[in-house]
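Accompanying notes for the structure given below.
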2 protein chains.
Amino acid sequence: MSAILQVVSSLIDAWWRAANYLSVGQIYLLDNPLLREPLSSEHVKPRLLGHWGTTPGLNLVYAHLNRVIGERDLDVMYVTGPGHGGPGIVACAYLDGTYSEVYPHVSRDGAGMRELFRQFSFPGGIPSHVSPETPGSINEGGELGYSLAHAYGAAFDNPELIVACVIGDGEAETGALAASWHSNKLLSPSRDGAVLPILHLNGYKISGPTILARIPEAELVSLLEGYGYRPILVSGGLDGEAPSAIHPRLAAALDEAFDEIERVKGTQLHARARARGGPRWPMIVLRTPKGWTGPKVVDGLPVEGTWRAHQVPLTEVRERPEQLAALEQWMRSYRPDRLFDEHGAPVAQLSELAPRGERRMSANPHSNGGLLLRELGLPDFRDYAVEVPSPAATSAQATTVLGSFLRDVIECNPDNFRLFGPDETASNRLSAVFEATDRAWEADILDTDERLAPEGRVMEVLSEHLCQGWLEGYLLTGRHGLFNCYEAFIHIVDSMFNQHAKWLKVTAHLPWRRKIASLNYLLSSHVWRQDHNGFSHQDPGFIDHVANKKASVVRVYLPPDANCLLSVADHCLRSRNYVNVIIAGKQPELTYLTMEEAIAHCTRGVGIWEWASNDEGSEPDVVLACCGDVPTLETVAAAALLREHLPDLKVRLVNVVDLMRLQPSSEHPHGMSDTEFDAIFTTDRPIVFAHHGYPWLIHRLTYRRANHRNLHVRGYKEEGTTTTPFDIVMLNDLDRFHFVIDVIDRVPGLAARAGELRQDMEDRRLACRAYTRAHGEDHPDVRDWTWPGVTRRNNPCKSDNRPSGARNLQPPFS
Amino acid sequence: MSAILQVVSSLIDAWWRAANYLSVGQIYLLDNPLLREPLSSEHVKPRLLGHWGTTPGLNLVYAHLNRVIGERDLDVMYVTGPGHGGPGIVACAYLDGTYSEVYPHVSRDGAGMRELFRQFSFPGGIPSHVSPETPGSINEGGELGYSLAHAYGAAFDNPELIVACVIGDGEAETGALAASWHSNKLLSPSRDGAVLPILHLNGYKISGPTILARIPEAELVSLLEGYGYRPILVSGGLDGEAPSAIHPRLAAALDEAFDEIERVKGTQLHARARARGGPRWPMIVLRTPKGWTGPKVVDGLPVEGTWRAHQVPLTEVRERPEQLAALEQWMRSYRPDRLFDEHGAPVAQLSELAPRGERRMSANPHSNGGLLLRELGLPDFRDYAVEVPSPAATSAQATTVLGSFLRDVIECNPDNFRLFGPDETASNRLSAVFEATDRAWEADILDTDERLAPEGRVMEVLSEHLCQGWLEGYLLTGRHGLFNCYEAFIHIVDSMFNQHAKWLKVTAHLPWRRKIASLNYLLSSHVWRQDHNGFSHQDPGFIDHVANKKASVVRVYLPPDANCLLSVADHCLRSRNYVNVIIAGKQPELTYLTMEEAIAHCTRGVGIWEWASNDEGSEPDVVLACCGDVPTLETVAAAALLREHLPDLKVRLVNVVDLMRLQPSSEHPHGMSDTEFDAIFTTDRPIVFAHHGYPWLIHRLTYRRANHRNLHVRGYKEEGTTTTPFDIVMLNDLDRFHFVIDVIDRVPGLAARAGELRQDMEDRRLACRAYTRAHGEDHPDVRDWTWPGVTRRNNPCKSDNRPSGARNLQPPFS
């Protein structure tokens, strides 16, 4: 080893020991942080909660990256897959100085170190995982599997950024992580940043071995090469080797990796060059003992290098003097007296290893994306409006109309916005975006291919996990995006949504975390139009799932037609720190509102449609309410039937766009006051409510309202099958004829005089069912229905042509 | 090619053409199934819905496997990953004869073929995917990604079975599938069957290319070898090659694969042998054009071999004569006159290729698991009871107690029951099972390892997707199991649960599908005990998700203590065709009921706990209701406080074990009548309800009840943090002191005379919070609380020792 390398290695080792010392201190100590007095049991926490096993490895990599960043002046983020190593990343941020800048009460002295230790896994403190509270992190480490997708999301459109992503060998067994390796096929070496995966094989999960650590090394290399990487293998600490021996090896491996990244980024046509043996994206495989540098044996059983090191190696420190002594010996083995000065601050040499300012991984502005967030350049959505000469007369495909708007959003924001989806962009009728961009594709491209390019901004892969994970990483680093998905299959990312919503809820209370763009879902191909896909594709439950999360974070919109979808989408794209769920069909559906009417309606979120009502300001006999495009169509048709057949019945039609408006204002920021609710829904008239999803959600949102006792909700009740659009609606009693029957049955006194109409409605239902079974399509009376007195026509919507104002739109920020 | 091979190839080709013909017919034709008259537009369906692209490949593999099965007399199941190829698998089952046996109206003649065609993607018919209606399938093809996990689940404990699993290259991009390749590390060559993955690279998803079809072949081979397989590559139809040219190549590849399977199964210590270059599990990589044998070009654009073949290649057959002609030409290209006899039945030579009886893949009894289902041998759960000398005096760890029961379930059922979980078996305190078995592990085993063995029956991998997928495959082929998981992370499989629940709902209406064992979840490490993990681990929403599915399928149990958990678990393990969700904590918690009391209570599902109530048969002043172990503890403690401080207040304590009891009987089979509900909850007294999960679920279940207007629910409201058991409860107002305040605020007239008590409760809350913040643990008054007059002790539960009757238990079926 050269003299310089020796000095560097020794400095890295000191930094590593300091981080390990601070990690152990967090897990164990209430007081005496610098061990300036002999350790006694009252210095130890009463409940020992935390995860040691993965921590020393995380600290080791962090220390070494500090060296590389300093030497090469690089912009590097650190994504921590083995999230249970929270104490390590907190320790590193403390050594960097960032922690004390963000949390001044955790100062760089003995008192601050005491606070650092005490808060960890302690009531009112921080969790044992890397979490929103951890400076430098975009990846909550509680639920495993998303680090690599987050890393790629962060790298997209950040050509100067290198994202170092440590992947635990436990995490590597998850589906999301296993799929994420192939993200490199959608990464452009010239436009995007680099991701350096560091697969950390410490061999064990909570209580068993990991697969990747136990397969033959040749198989592991083959696997990683198969994923398209060039793996660089490093190991240390095996068979009792001294910890410090790893430093030159790991330093050399990292230098090799960063050199290779430079080579890849310098390659034109990377996919072809790679196929000819050119440079490949590198990755590191780091094999070290679990719980390295911790107790080797406890009570006669091996701990270091086994699953027993996963959480707290010494569990009875307060109760057993020999464990107290072992803890003290363990902590002193890091030689804290050489690492911290008389005040308890890290000695100056340690600060020399850490990069400066925003080069510190814990202070990298990409990891606090709101700092870098630029406003999205948005064309005027009104320019994409479809003409609606009269309500319920013309039809349009809502998502097709939206596609044109999104095309120009992409054009206006060439490095700041992407569209994500599992190969459903075209299926969901958003194909207009391909006039502005392509699908991102870094692998081979054939002559017969269409709309593929390494610089494409449509991110398609048949993995909802990857779409969600990339988008999260992209948003968390300060950009904008939209995830379009089949409604039923968005449940695949229920748990990822949970974690992102929790992240947003926590960051709202962290003033130093700046607001980021909202996570926007467009759910199309929804429950009511799965004509050949049938029951497996029918699931509207994501709304229910979302509604369980914190009200300050979640928003759900069900625009009834194309113009409303435009208005809602524009609103969502401008919002911050929310999760917005938009549900809109892709099939031709009637349109109801002009653009100006749609804006007013969507702004209110709920409203009476006077053109469909005949209560004319007085109290109605019945309220017909609806939420969602297909339920709205059936409700409007029911209103027309009632007005035709029972002209003296006063009907009020209410449409709900913003579902959270139904909740009390005490429960959700969008919630209506009782006065507002009562003015719309009355306090005593029957309400027949047609809901897009499971009917009980409407009850759950409204059970405190005065008129809840008169509320009758129709929705999807898991009665699905392969059938036609009207037939599936009938199967769930959500059809126009059934609503008329509902009204007859519920308006006092009506049943007696409308018996004939009731029977007629029953007959028409049966006739429609019979027609469908015989012909394989819906009866023309329902299929082609329009509001009485108008003729249906397809709207030659403007969106088919680029609006005049859009072609020359310039990004507002260049 | 030898003469015999030529004959076989020609027969396989005829079979393939017949299956393709029947597939195209399903997508297009209403009538004229045998093309005995010229095709006219009225023979064509009005709505063309279906998926052609993947179908010819599925048919090709099916035809070839028929040859192998016949020659080798093998027991082979066919799992169809590219599920959109529904018409293909239906066609194959029809050619096999199975379809007509199961659905006699779809007979083997022209009329039956007409019915076969008509029903497909037609109102009241079958969906375009492989579905529960498809004989021979255990894998719903609507949502992609689960085929390989299902295949391994089917193979476990079926040593004679070979599961051929076709994996689409689209599906291969999903997380679940990507993780599934490594399932071979938990497959024992001697005890289990074999899985033959057949990766079908047709190159395209809905509208874009697939990753695995576009990476260099060397990378693909490297990847699959890295997964531990020996890939055998076959391709055909590329560059215009005639379809029939593939037959000898594919036949040879399959022979090679089946030979290799025999070699692997003959190897002792497979993992070691493999590392030394011994036989490896084989797999096939089959590269053929998408939509092979279909239209090559439509309207000047290439279709065969591109994404345009994904659904319906000719979309305007009724409208455009040239497309009608193209369809007729396409169908006649299969030479139907040589494939079907004068009555329309398949010609005799085709039947000769198909295996006989249960050897037919479409009739394999493993694919209708209920046929093979054996009763689970269950020890008497009463033998594992903990002693409960008086209520709320002793404590036990419920899942530890259950662990002993499960240990003996495993022992009694050595080839019929497995325990699945993401490395959380020990964490969830089920370690007693390791007295009876080990973790399944086919990779390397080290000296320091514990409880690993190739024949282990505990299936641990850090992938909830794999645990769920394996268990589904295991259950669907007629066995039993239980999935234990952290409560928060079970959301990872929300969508898989959806599909399984839908499968069960559909099969209930298919008399030929026999009932299978229920899918049992044990959710532990629940929302209320995530002391160091904090917010990311706090999510009780799976109950809500489950409650949206069909009432005939879903059951949710929240046993309040150890004996109740035993009773509930026994009940669930005996049940059929349900999804049972059991939520139970792993920490020491008070016990309330003796075994006999627990049985009675769990049988009723909801009941008044008279020992904690003082209403003595009269109407109470207030009902304290609770559901879940931690909410029950707080409610019981609140009842004690009320009885101590307000002795004249009549309190009734109601505990709910079976959550679905709260629903009206019209909504759920377990639902209570209004009479029953009113008798327990009264019609007019305040109810304070402490719920384990999100509070609004209780409102959703009870909004129709008379006393819903007086119901006040406390539960989890996304207020999570790192803290102590009592502190998190306080944070969500679910604590005993708050319940007393709730009662004071809600019982008419009480506030006036209990103001001092109210203040005292507020003070005690604040004091508890302050104590926690200062000491890092809960105040001993709450931590060690027992029912007044008794002293807390830990129950030396019988479960620590094997009950006398269990050791010599013999499996009831040997």
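Protein chains get the first letters and strands the later ones, always in sequence-line order, with residue 1 at the start of each.
- In terms of non-hydrogen atom pairs under 4.5 Å with chain A, the most contact-rich of B:P46, B:A426, B:G534 is B:P46.
- Between the side chain of B:K717 and the backbone N or O of A:K550, no donor-acceptor pair lies under 3.5 Å.
- Residue contact with chain A, scored on non-hydrogen atoms closer than 4.5 Å, is absent for B:W503.
- For the 3.5 Å distance criterion, the side chains of A:N548 and B:W696 qualify, holding a donor opposite an acceptor.
- With chain A as partner, the option from B:H182, B:H465, B:K205 having the largest number of non-hydrogen pairs under 4.5 angstrom is B:K205.
- Between chain A and the residues B:R280, B:K45, B:E460, the most heavy-atom pairs under 4.5 angstrom are made by B:R280.
- Applying the ring pair (Phe, Tyr, Trp, His ring centres under 6.0 Å) test to B:F489 and every residue at least two apart in sequence or in another chain returns B:H537.
- Using a 4.5 Å cut-off between heavy atoms, B:F535 touches chain A through backbone and side chain atoms alike.
- The two residues A:T772 and B:F122 make their nearest non-hydrogen contact at O-CE2, 4.3 Å.
- A pairwise comparison of heavy atoms in B:T448 and A:Y204 identifies OG1-OH, 4.1 Å as the closest pair.
- Of all the heavy atoms in B:A488 and A:S495, the pair that sits closest is O-OG, 4.1 Å.
- Between A:K502 and B:E718 a salt bridge is recorded (basic side-chain N to carboxylate O distance below 4.0 Å).
- The greatest number of non-hydrogen atom pairs below 4.5 Å with chain A, out of B:K185, B:E140, B:E225, B:K505, is found for B:K505.
- For the set B:T724, B:I206, B:D444, the entry with the most heavy-atom pairs within less than 4.5 Å of chain A is B:I206.
- Looking only at atom types and distance, the side chain of A:R439 has a donor-acceptor partner in the side chain of B:S207 under 3.5 Å away.
- Only the side chain of B:P302 comes within contact range of chain A, with at least one heavy atom under 4.5 Å from a heavy atom of that chain.
- For B:N533, the parts sitting under 4.5 Å from any heavy atom of chain A are the backbone and the side chain alike.
- Of the possible polar contacts, one joining the A:S222 side chain to the B:S222 backbone as a donor-acceptor pair under 3.5 Å is found.
- Neither the backbone nor the side chain of B:S180 has a heavy atom closer than 4.5 Å to any heavy atom of chain A.
- Highest contact tally toward chain A, considering only B:L466, B:L49, B:T723, B:I445, is held by B:L49 [criterion: heavy-atom pairs under 4.5 Å].
- Taking all atoms of both residues into account, the shortest heavy-atom contact from B:Q499 to A:S536 is NE2-O, 3.0 Å.
- Heavy-atom distances place the side chain of A:P216, and not its backbone, under 4.5 Å from chain B.
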Check the pair B:I492 / A:E143 against side-chain contact (heavy atoms from CB on, under 4.5 Å), numbers first and verdict last. CA-CA 10 Å; B:I492 291 171; A:E143 182 171 310; 3.6 Å; yes
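- The heavy-atom pair separating A:A178 from B:A179 by the smallest distance is CB-N, 3.8 Å.
- A salt bridge links B:D449 with A:R214: the closest approach of a Lys/Arg side-chain nitrogen to an acidic carboxylate oxygen falls below 4.0 angstrom.
- For B:H699, the ring pair (Phe, Tyr, Trp, His ring centres under 6.0 Å) partners two or more places apart in sequence, or in a different chain, are A:Y703, B:H708.
- Shown here for A:T174 and B:L462, the closest heavy-atom pair between the two residues is CG2-O, 3.2 Å.
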